[in-house]
Amino acid sequence: MTDTLSKLTAKDFTSDQEPKWCPGCGDHAVLQQLKNTMADLGLKTEDVVVVSGIGCSSRLPYYVATYGVHGIHGRALAMASGLKTARPELSVWVATGDGDALSIGGNHYIHTIRRNLDMNVILFNNEIYGLTKGQYSPTSKVGLKTVTSPNGVVDYPMNTVALTLGSGGTFVARVLDRDGKFMREVFKRAAEHRGTSVVEIYQNCPIYNDGAFDVFTDRERKADTTIYLEQDQPLIFGAEKNKGIKLDGFMPVIVDLKDSSVSLDDLWIHDEKDKLKANILAGFFDDPDTTENCLPRPLGIFYVEDRFTYEDALDQQIAQAQADGEGSLEELLAGKSTWTIK
Amino acid sequence: MVTSKTSVSVLFAGDSGDGMQLTGTQFAETVAVYGTDLNTFPNFPSEIRAPAGTISGVSGFQLQFGSKAVYTPGAKFDVMIAMNAAALKANLKNLHHGGIIIANTDGFDAKNLRLAGYGEENNPLENGTVKDYSVFEIPVVTLTREALADTGLSTKNIDRCKNMFVLGILYWLYSLPIETTIETLRTKFRKKADVAEANIKAVKAGYNFGDETEMFSQHGRYSVAPAEKKPGVYRRVTGNEASAIGLTAAAKKAGLKLFLGSYPITPASEILQTLSGLKKWGVKTFQAEDEIAGVLTSIGASYGGALAATNTSGPGLALKAEGLGLAMILEVPLVVVNVQRGGPSTGLPTKPEQSDLFIAMFGRHGDAPVPVIAATSPVDCFYSAYEAAKIAVEYMTPVICLTDGYLALSSEPMLIPTPDDLASISPKFAKERKADDPPYLPYKRDERGVRKWAMPGTPGLEHRIGGLEKQHETGHVSHDPENHALMTRLRAEKVERVADIVPDLEIDNGPEKGDLLVLGWGSTYGAIKIAVEQALQGGCSVAHAHLRYLNPFPKNLGEILGNYKKVLMPENNSGQLIHLIRDKFQIEPVGFSKVQGLPFNEMEIEAKITDILKEL
Ligand SMILES: Cc1ncc(C[n+]2csc(CCOP(=O)(O)OP(=O)(O)O)c2C)c(N)n1
Ligand code: SF4
């Protein structure tokens, strides 16, 4: 039971069901940060609905003490869209996996993004199908050996951020399951955004795809393989903050900040409102394990855009149609043209 | 000389660009306001822009009006308006022997004859093809041009009025008033006064032509007296409009908001189209990216407390199957209006069939029964959609409402009900829970086995549900074998219990006991009705009963079946209902299938009745 005056804590958002994810699964960390964020935002448990599809990550609604529906594979976004359209005042969160959202649900994904309903999509990307025991997913790396790709994956992997931007996304971010504090900040920004916000989370599946993101999380390599996007800050990375990124026309190039001919003023300054630059950043997608001197993988908020939401636009049309009052049942039944028989 | 008739069937046929649908609709409005009963059916080419003048470009609008109840647009027509040679060729076989042809001779020139496939030298009006009919040859285009010469309109615009000239002739021929059409034209062309006046002038010119020409003076005119109809206010509805209004009315009556998640498909699209224009009534439509999203958005809206519906046709229903299973196990209300068309696959997209009964009954994995209703007439689409919504809300279940392409596009007069005439719809919402109240049980059932609807946003009812099997009452995920058996049984029993509010099946016509019962369902109603009426007049021991509730069946169905020596079951499919009847009642009915993408006509059914009775 919620007391509206005292703010809730993460514990109040914890349901009585015990998470059944494997020990060490990245999903645990995401759940924790989600609950923290809901508390940070001062949400009331009764006003939140968590919607999901099918997959390990899609079990999440059971573990949050709000309203929740666990749907069918790939269709979480469609279900959430209907809910949000019917009840715009609710806070709607979607938990979905890379298989769920991008493979079977790919069609719903692109259309949901372009409609821009005000909801928050937490996209758990573990580059594998967890629940069905380790088949490759649309984000799996080329060459990955799995039960359905014994000779290595030959499907080219999907770039979630690029797809989301290309679909007209208005809030696009990427985080790591290990970066708890950072994740919480990004979740908060996502929730405050009016429109569909997508946060892709690189989530480790220790059972079927362990270490898929080690190259971005290992203490030794992380500084050189990732770059944290901060508004109005130059793009700098590297263990000694010694590397920067500069735009040569539309070409991003890595520059050595120790080189005296390079000035900080030449560096690319991150601006989350700049769609062109967001698209270039989305293209930083090479695999550091196989590509030499590749660009670092960006983490944080790529892009934010203010655009009307679907539910607001629809509600406005309804308000307009009802400017002289709502239609009555009598009027509805009568229609436009009638005649009388005596 | 005026001959009176009890009913007349008319076909307006011409090229897609000749405005036959508008002409037919206008004629329908006029006879409706005049007071006859009527039924209309449009028949247009499936190609959007078929080549002008060809058979595939022929567009038709058939209508029957009468001074007694009219149930179909007529198996054959009495009068055919043929705006060109192709229209004649495509439809002559369905004209009653000795019927009237009004032929626009301007549409029978060399080019039109060639395009229609007759050959330039082989005019059917001259070569004996139409010798058994009363033919009126009228150069409609020429006469319209003459009549409108001083309007200042371009020839192209004048030619557009030719359909109104023909309409005028027909009004004269059937002694009908032209005022309704004049009024409609004024409203329709409110912003183009010159076009309105030209069309009105064309109607009048056609009417006067009837009066003045020698051609008709020998033949005479007809009149059809108004029907004895229940007094009240009427409107005309197509089945699709009626379904849309039925859903909206149900939402209003239930105090809910209507949400429709849908994807366009012939012949169901008008339901989405109509509802998208009802924003004044608060209706929210969501044109989804596919049928799967259509049903899932509706499930989301239903979870959120809206009266949610989705409409589709066969291929779309196939895509919605998994979603329907989800709605069934979630136990949320959902109405699926499925406008059947010829299948399988894309099949005959513009032609009616009744072949989605099996998928409606069984097309889900697992044990997932859902109530199924079928509409019997265009007006009944209103009541069926309404009834489906009532069952969905009051039993917390998805319900499938079957109509078909024939009902969807046909229209008939509807006696407008008052809000009080409509059955109440009472959603049962779970109430806010206080801190000291016992824990909330989302799957606690009442005596009918129905759980309550919990609106997100209500404090204390926070709960998590999904497609995984749920524990009895708590709704928690459960893989317990006994629990699964229990939940499967409880869900099925709930659907069975809908029979408690299904009205007893009544004998529509004929004796309560006798030799033969004709049992139909859905849109075959009109054809069976007339066939049985005629057979009864011929002294046969035959009765007609028609099923609207297909799952569960009315409780007295078995008893009724037992009162006849034989049961005949006409269906526009290979015999789907017959399986259900055989299975449930262990009787051996006589099946009668028609799978041509065409509705039954009364003559086929009457002949079958006679055949069976001969063998008894
Ligand atoms: C229609 C349908 N097809 C296939 C499945 C099987 N299935 C369940 S989850 C899943 C993939 C899950 O992968 P992902 O969405 O990445 O989630 P994860 O388990 O990795 O968190 C598949 C193929 C299903 N449940 N339904
Ligand atoms: S299989 Fe992988 S994704 Fe699923 S719970 Fe286990 S670790 Fe997590």
Side-chain angles (χ1 to χ4, degrees), chain A residues 1-2 15 17 44-52 54 61-75 77-87 89-90 107-108 110-111 314 317-318 320-322 325-342, chain B residues 29 32-33 35 229-237 245 248-249 252-253 257 259 261 278-282 284 286 288-290 292-293 296-301 303-306 308 322-323 326 330 416-419 433-435 456-468 476-477:
Chain A
M1 207 53 27
T2 62
S15 83
Q17 303 294 300
K44 289 189 277 173
T45 52
E46 68 264 27
D47 293 336
V48 178
V49 188
V50 185
V51 180
S52 70
I54 298 291
Y62 294 115
Y63 312 137
V64 186
T66 61
Y67 283 87
V69 225
H70 179 218
I72 49 179
H73 195 30
R75 320 300 173 196
L77 289 170
M79 198 159 45
S81 298
L83 173 65
K84 185 70 190 179
T85 305
R87 299 286 309 278
E89 72 279 17
L90 295 171
N107 197 26
H108 308 311
I110 56 182
H111 292 282
L314 186 59
Q317 289 187 346
I318 289 178
Q320 227 161 40
Q322 296 182 336
E326 197 174 329
S328 70
L329 185 48
E330 285 86 349
E331 265 179 279
L332 171 81
L333 294 169
K336 287 204 184 96
S337 128
T338 62
W339 68 91
T340 305
I341 289 184
K342 295 208 179 72
Chain B
E29 286 290 319
V33 173
K229 299 198 73 174
K230 227 173 134 180
V233 185
Y234 284 77
R235 70 184 288 188
R236 208 161 54 82
V237 288
I245 303 161
T248 314
K252 276 261 165 198
K253 263 304 250 212
K257 292 281 182 215
F259 175 96
L278 295 185
K279 297 203 168 55
K280 191 165 192 287
W281 284 267
K284 290 187 179 178
F286 188 104
E289 52 276 16
D290 58 27
I292 301 175
L296 266 295
T297 49
S298 298
I299 293 171
Y303 180 81
E322 193 192 8
L326 176 67
L330 289 179
I416 299 173
T418 68
R433 196 183 127 255
K434 299 278 169 336
T458 316
L461 304 182
E462 294 87 340
H463 67 286
R464 278 68 56 191
I465 54 176
L468 284 168
H476 295 323
V477 174

- chain B: which of G327(A), G335(A), A86(A) shares the most heavy-atom pairs with it under 4.5 Å? G327(A)
- Query: Mind checking whether H108(A) and L296(B) have side chains closer than 4.5 Å, heavy atoms only?
  - Reply: no
- If one checks every heavy atom of S328(A) against chain B at 4.5 Å, the contacting part turns out to be backbone
- Query: With respect to chain A, which residue among A306(B), P419(B), A249(B), G305(B) yields the maximal number of heavy-atom pairs within a distance under 4.5 Å?
  - Reply: P419(B)
- Task: Using a 4.5 Å cut-off on heavy atoms from C-beta on, say whether the side chain of K84(A) contacts that of V49(A).
- Result: no
- When T418(B), I292(B), L278(B) are compared by non-hydrogen pairs under 4.5 Å with chain A, the top option: I292(B)
- Query: With side chains defined as the heavy atoms from C-beta onward, is the minimum distance between H70(A) and S52(A) less than 4.5 Å?
  - Reply: yes
- Given A293(B), P456(B), G457(B), the one with more heavy-atom pairs under 4.5 angstrom with chain A than any other is P456(B)
- Query: Side-chain donor-acceptor pair under 3.5 Å between Y67(A) and H463(B), yes or no?
  - Reply: no
- Query: Side chain, backbone, both or neither: which part of Y234(B) has a heavy atom under 4.5 Å from chain A?
  - Reply: both
- Between L90(A) and chain B, which part of the residue has a heavy atom less than 4.5 Å away: side chain, backbone, both or neither? side chain
- Message: Can you tell me which portion of A334(A) sits under 4.5 Å from chain B's heavy atoms? Options are side chain, backbone, both or neither.
- Response: both
- Note on the structure: Cut-off 4.5 Å, heavy atoms of chain B, and the answer for V64(A) is backbone
- Message: Under 4.5 Å from any heavy atom of chain A, what part of I245(B) do you find: side chain, backbone, both or neither?
- Response: both
- Query: Of the non-hydrogen atoms in S15(A) and R464(B), which two are nearest, and what is the gap between them?
  - Reply: CB-NH2, 3.8 Å
- Item | Under 4.5 Å from a heavy atom of chain A, the part of I465(B) involved | both
- Residue part contacting chain A, namely of K252(B), when any heavy atom lies under 4.5 Å: side chain
- Is there side-chain contact between R236(B) and W339(A), with heavy atoms separated by less than 4.5 Å? yes
- Query: By a 4.5 Å heavy-atom criterion (distance strictly below it), what part of V69(A) contacts chain B: side chain, backbone, both, or neither?
  - Reply: both
- Counting heavy-atom pairs under 4.5 Å to chain A, which of A308(B), G261(B), G282(B) comes out on top? G282(B)
- So which part of T66(A) gets closer than 4.5 Å to some heavy atom of chain B, the side chain, the backbone, both or neither? backbone
- Item | Heavy-atom pair of closest approach, residues H73(A) and I54(A) | ND1-O, 3.1 Å
- salt_bridge(E289(B), R75(A)) N-O dist < 4.0 Å: no
- Basic-acidic side-chain contact under 4.0 Å: R433(B), E462(B): no
- Message: Could you check whether any side-chain heavy atom of T297(B) comes within less than 4.5 Å of a side-chain heavy atom of F259(B), counting everything from C-beta outward?
- Response: yes
- Task: Specify which of L333(A), L329(A), T85(A), D47(A) makes the most heavy-atom pairs with chain B at under 4.5 Å.
- Result: L333(A)
- Test item: K284(B) and L314(A) side chains (from C-beta on) under 4.5 Å apart, heavy atoms: yes
- Can you say whether Q17(A) sits under 4.5 Å from chain B via the side chain, the backbone, both, or neither, judging by heavy atoms? side chain
- Between E331(A) and chain B, which part of the residue has a heavy atom less than 4.5 Å away: side chain, backbone, both or neither? both
